[in-house]
Amino acid sequence: MQGLALLPSDGAGAWRATVRSIVICLPAFLALRMMAWGGTVPPVGLLPAVLVESLAFVVAWVALLLGTLPLVNAAGAAARWPRFVAAWNWANVPQYVVLLVAMIVPPALGLPGWVGSGLALAAFGWALWLEWWVAKVALGGGPLVAAAIVATDVLIGIVIGGVAGRMTGG
């Protein structure tokens, strides 16, 4: 919790954190998408698919941050929103590292598929918990506000990911 004091508490700092964390996380996201494609090229071709997925990633990221504003305002935590944005952005970096490790290591070690699936599920659960915890701590709100933010993130990801999937044929 003391680490929050090190994060920017203004809009400009939140924006810098957003841009930097997107740049850091995008390659990991694209690696995960390519793994989901199972070694095949999407019907639209690799470059168009990567461009669509990259754009969808950025749109979903920004949509979540903007989509949290009504929740944060309703919770009376508007003054804490920039610091929450910075914290949420930087929390995505270890999330992507853990997700990548969970997807890459089990097959590399020759572990059975169920072990890899279990690790991937655990990594996804941990990522959701981390988002919830960051929202709860950074906003100083209750667990329901944090859960609403996580649910908003999941919903945005499903909708935008679905649109990107239809565009790429994946």
Side-chain angles (χ1 to χ4, degrees), residues 1-34 36 48-100 102-103 120-168 170:
M1 299 215 307
Q2 295 172 349
L4 281 174
L6 301 174
L7 295 172
S9 61
D10 63 322
W15 175 246
R16 282 190 306 276
T18 299
V19 171
R20 289 176 182 158
S21 57
I22 285 173
V23 168
I24 291 168
C25 293
L26 180 60
F29 170 78
L30 290 174
L32 289 167
R33 290 305 304 135
M34 288 182 189
V50 167
L51 291 173
V52 166
E53 292 289 351
S54 297
L55 180 60
F57 175 81
V58 172
V59 168
W61 196 297
V62 173
L64 180 272
L65 297 179
L66 295 176
T68 61
L69 277 172
L71 296 169
V72 170
N73 287 333
R80 299 178 114 191
W81 186 77
R83 189 161 276 154
F84 156 72
V85 167
W88 185 86
N89 282 314
W90 290 119
N92 274 278
V93 175
Q95 286 178 352
Y96 275 101
V97 170
V98 168
L99 289 168
L100 269 176
M103 296 299 293
L121 183 60
F124 184 69
W126 174 80
L128 291 175
W129 171 83
L130 183 59
E131 281 189 30
W132 174 85
W133 185 81
V134 165
K136 183 177 174 297
V137 171
L139 293 172
L144 293 178
V145 171
I149 288 172
V150 172
T152 300
D153 184 28
V154 171
L155 181 62
I156 288 170
I158 289 169
V159 170
I160 293 177
V163 170
R166 282 190 295 282
M167 291 176 71
T168 61

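Just the heavy atoms: all of them, side chains too, but no hydrogens, waters or symmetry mates, feed the values below. The chain is numbered in sequence order, starting from 1.
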Participant: How many angstroms lie between atom CG of Leu65 and atom CH2 of Trp81, to the nearest 0.5 angstrom?
Facilitator: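 Separation between the atoms: 6.0 Å.
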
Participant: What are the two closest heavy atoms between Trp61 and Ser21, and how far apart are they?
Facilitator: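 So the minimum-distance heavy-atom pair works out to CZ2-OG, 3.3 Å.
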
Participant: Tell me, with the steps shown, if Trp90 and Ile24 meet side chain to side chain contact (heavy atoms under 4.5 Å, CB included).
Facilitator: CA-CA 10 Å; Trp90 290 119; Ile24 291 168; 3.6 Å; yes

Participant: At their closest point, which heavy atom of Arg80 faces which heavy atom of Val137, and how far apart are they?
Facilitator: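 Minimum heavy-atom separation between Arg80 and Val137: NH1-O, 4.4 Å.
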
Participant: Can you check whether Cys25 reaches Asn92 side chain to side chain, under 4.5 Å on heavy atoms?
Facilitator: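 Yes, side chains in contact.
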
Participant: What distance separates Asp153 CG from Trp88 CH2, expressed to the nearest 0.5 Å?
Facilitator: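 It comes to 5.0 Å.
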
Participant: Could you tell me if the side chain of Leu100 sits less than 4.5 Å from the side chain of Tyr96, heavy atoms only?
Facilitator: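 Sidechains of Leu100 and Tyr96: no contact.
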
Participant: CG/Leu32 to CD/Glu53 distance, rounded to the nearest 0.5 angstrom?
Facilitator: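 So the gap between those two atoms works out to 11.0 Å.
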
Participant: Has the side chain of Trp132 got a donor or acceptor atom that lies under 3.5 Å from a matching backbone atom of Pro143?
Facilitator: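 Checking the backbone N and O of Pro143 against the side chain of Trp132, a donor-acceptor pair under 3.5 Å is found.
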
Participant: Starting at CG of Asp10, measure out to CZ of Arg16 and round the result to the nearest 0.5 Å.
Facilitator: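 Those atoms lie 6.0 Å apart.
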
Participant: Applying side chain to side chain contact (heavy atoms under 4.5 Å, CB included) between Ile149 and each of Leu139, Val134, Leu144, report the one that passes.
Facilitator: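 With Ile149 as partner, side chain to side chain contact (heavy atoms under 4.5 Å, CB included) holds for just one option, Leu139.
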
Participant: So which heavy atom on Trp126 is nearest to which on Gln95, and how close?
Facilitator: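 Between these two residues, the closest heavy atoms are CZ3-CA, 3.7 Å.
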
Participant: Given side chains that start at C-beta, do those of Ser54 and Val58 come closer than 4.5 Å, heavy atoms only?
Facilitator: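 The answer is no; the side chains never approach within 4.5 Å.
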
Participant: Give me the atom names and distance for the closest heavy-atom approach of Ala123 to Val98.
Facilitator: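 Closest approach of Ala123 to Val98: CB-CG1, 3.7 Å.
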
Participant: Taking only residues two or more places apart in sequence, or in another chain, which ones meet Thr18 in a side chain to side chain donor-acceptor pair (under 3.5 Å)?
Facilitator: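 For Thr18 the side chain to side chain donor-acceptor pair (under 3.5 Å) partners, ignoring immediate neighbours, are Asn89.
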
Participant: Which atom pair, heavy atoms only, marks the closest approach of Ala14 to Val85?
Facilitator: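 Heavy atoms of Ala14 and Val85 come nearest at CB-CG1, 3.8 Å.
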
Participant: With rounding to the nearest 0.5 Å, note down the distance linking CG in Leu55 to CD1 in Ile160.
Facilitator: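 Between atom CG of Leu55 and atom CD1 of Ile160 there are 9.0 Å.
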
Participant: Which distance, rounded to the nearest 0.5 Å, do you find between the NZ of Lys136 and the CZ of Phe84?
Facilitator: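 Rounded to the nearest 0.5 Å, the NZ-CZ separation comes out at 14.0 Å.
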
